[in-house]
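Only heavy atoms go into these numbers, but all of them, side chains included; no hydrogens, no water, no symmetry mates.
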Amino acid sequence: MSDTLGENTLTTTSPEGPSRAGGGATTAPSPVRRPRRGPDWRKRGEIALLTGPAVIMFLAFVIFPVIMAAYYGFYRWKGFGPPTDFVGLDNYLAIFQDDTFHDALLHNGFIVVMSLVLQGPAAIALALLLNQRMRGRSLVRVLIFVPYVISEVIVGTGWSLMLRTTGAFNAVLERIGLDALTLDWLANPDVAIWSLMIIITWKYIGFAVILFLAGLQSIPEELFEAAAIDGASYWQIQRRITLPLLGPTIRIWAFLSIIGSLQLFDLVYIIWGQYVAATAGTSTMATYMVVNGRNAANYGFGNAVAVVLFLISLVVALVYQRYVLRRDTEGALTEGKKKP
């Protein structure tokens, strides 16, 4: 029997039609088209169910009040009845032409900067100390964090009693023979703002310490051990490893501190009241809003101040997120990135 396989031809079928194996190259099959999937209504329904209440609350208690405040800001309104005395932009122009508002804005800027300068380094140093193994570490952590959870009313009342002219602080100075250092710590414009910064630092540094401790505990111990084996000193380890890896936590804390400083109201209003704050140099935009709005029965003007404060805070937040938090948010997002 003779072998005739070489003379036979094998045919293959493809979507294009039959092709001969011996006569030429076979055509590759065309890719299979996947049917288009419709919207996943179940997934969308779950998202709407879970986020719906939060969105409704945000719209009802944040967006709607801002819109209404902007609306009332165009009127001279006493706080009751429908607003009828339309004044246009007069309220807003009066705000920016008022030197008292300029002073309050400068005070807020000073508080923003000094809060970062005073609280940041001190909180990092305390966090590094409390991150070490030491006796009584848990107790010290609690004592540092306690002022943060105390009500602002209690803090303001206690500090105002201690720092008044006949208060405990001046009494201690007199007892130890430092009568020359006794001052009116709350009414003297030269020192009142620094008294406020001491109170703010004492009150809020506990939050920063807890935040930094959480960031420190997320850094792997192997990095410190490897650096120590390579001969790095303690300060080199902190400067080269700890601070860079703690950077995202520091930036988040700084953002919260900036926004809180811009909206500071309660401590200033409790300690200095509505009249002393301006003369003592501790007034803020929030106290200016209350004094010249609600207390003056000029709610239209107060709403205009609230809108200005909201816009300033919004611009600062957007700029900070755009230029400072950008690399942190980009590192956290995975969708939309091009694969290498």
Side-chain angles (χ1 to χ4, degrees), residues 104-131 137-164 167-170 172 183-216 249-274 276-278 280-291 309 313 316-317:
L105 182 60
L106 291 176
H107 298 158
N108 276 112
F110 180 84
I111 294 170
V112 167
V113 175
M114 294 310 300
S115 294
L116 298 177
V117 172
L118 296 178
Q119 295 182 42
I124 293 175
L126 288 172
L128 291 175
L129 176 64
L130 296 177
N131 197 42
R137 181 177 61 177
S138 300
L139 178 61
V140 176
R141 289 180 178 181
V142 171
L143 293 177
I144 291 177
F145 188 70
V146 161
Y148 177 72
V149 298
I150 297 178
S151 170
E152 278 77 3
V153 176
I154 297 176
V155 173
T157 303
W159 278 96
S160 63
L161 292 175
M162 288 190 296
L163 295 180
R164 62 197 305 179
F169 194 73
N170 281 339
V172 171
L183 294 171
D184 192 348
W185 303 98
L186 300 180
N188 189 339
D190 296 330
V191 298
I193 190 67
W194 293 104
S195 299
L196 175 61
M197 291 312 308
I198 293 174
I199 298 171
I200 291 175
T201 303
W202 178 85
K203 174 77 170 71
Y204 296 107
I205 195 173
F207 174 74
V209 172
I210 295 298
L211 207 62
F212 293 158
L213 280 173
L216 289 173
T249 306
I250 296 175
R251 288 187 285 272
I252 289 295
W253 164 80
F255 175 73
L256 297 175
S257 178
I258 291 171
I259 298 302
S261 298
L262 288 175
Q263 301 175 352
L264 180 65
F265 166 75
D266 37 23
L267 284 177
V268 176
Y269 196 79
I270 292 168
I271 298 175
W272 281 272
Q274 57 178 315
V276 183
T282 58
S283 60
T284 63
M285 289 185 288
T287 60
Y288 176 86
M289 172 186 66
V290 173
V291 170
L309 176 57
S313 301
V316 171

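The two residues M285 and L309 come nearest to each other via the heavy atoms CE-CD1, 3.5 Å. Shown here for I259 and A317, the closest heavy-atom pair between the two residues is CD1-CB, 4.1 Å. Closest of all the heavy-atom pairs between S261 and V112 is CB-CG2, 3.5 Å. Here the shortest heavy-atom pairing between I205 and A122 reads CD1-CB, 3.7 Å. Across every non-hydrogen atom of N170 and W185, the tightest pair is OD1-NE1, 2.8 Å. For the residue pair F145 and V149, the shortest heavy atom distance occurs at CE2-CG1, 3.5 Å.
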Q) Going through the checks in order, is the ring pair (Phe, Tyr, Trp, His ring centres under 6.0 Å) test met by W194 and F110? A) CA-CA 10 Å; W194 293 104; F110 180 84; 5.3 Å; yes
**Asked** So L196 and W272, side-chain contact (heavy atoms from CB on, under 4.5 Å) or not? Walk me through it.
**Response** CA-CA 10 Å; L196 175 61; W272 281 272; 3.7 Å; yes
Check your understanding: Please walk me through it: do L183 and D190 pass side-chain contact (heavy atoms from CB on, under 4.5 Å)?
Key -> CA-CA 10 Å; L183 294 171; D190 296 330; over 6 Å; no
| Are L105 and Y288 close enough, and set up right, to give a side-chain contact (heavy atoms from CB on, under 4.5 Å), and what steps lead you there? | CA-CA 10 Å; L105 182 60; Y288 176 86; over 6 Å; no
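Side-chain atoms of W159 and L267, non-hydrogen and from C-beta on, never get closer than 4.5 Å to each other. Using a 4.5 Å heavy-atom threshold, the side chains of V155 and I270 count as separate.
Atoms CG and OG1, from L118 and T201 in turn, are 4.5 Å apart once rounded to the nearest 0.5 Å. Going from atom CG of L186 over to atom CD1 of I271 covers 7.0 Å, rounded to the nearest 0.5 Å. In this structure, the separation between CZ on F265 and OG on S283 is 12.5 Å, given to the nearest 0.5 Å. One distance of note links CD1 of I252 with CZ of F212; it measures 11.0 Å at 0.5 Å rounding. One distance of note links CG of L211 with CG of L216; it measures 10.5 Å at 0.5 Å rounding. A distance of 9.5 Å separates CD in E152 from CD1 in I154, rounded to the nearest 0.5 Å.
In terms of modelled atom types and a separation under 3.5 Å, the side chain of N131 and the main chain of L213 share no donor-acceptor contact. Between the side chain of S160 and the backbone N or O of T157, at least one donor-acceptor pair lies under 3.5 Å. No donor-acceptor distance shorter than 3.5 angstrom exists from the side chain of N108 to the backbone of Q263, with no hydrogens or angles considered. With hydrogens and angles disregarded, a donor-acceptor distance shorter than 3.5 Å links the side chain of K203 to the backbone of I150. A donor-acceptor pair under 3.5 Å is absent between the side-chain atoms of S115 and the main chain of S257, judged by distance alone. Judged purely by atom type and a 3.5 angstrom limit, T284 uses its side chain to pair as donor or acceptor with the backbone of L264.
By the side-chain hydrogen bond (donor to acceptor under 3.5 Å, both in side chains) test, W253 pairs with no residue at all, sequence neighbours left out.
Taking the six-membered ring where the residue is Trp, Y148 and F207 present parallel rings, their angle staying beneath 30° rather than reaching 60°.
If you run side-chain contact (heavy atoms from CB on, under 4.5 Å) between V140 and each of L126, V209, L130, only L130 comes through.
The 12-atom threshold is exceeded at CZ of R141, counting heavy atoms of other residues, nucleotides or ligands nearer than 6.0 Å.
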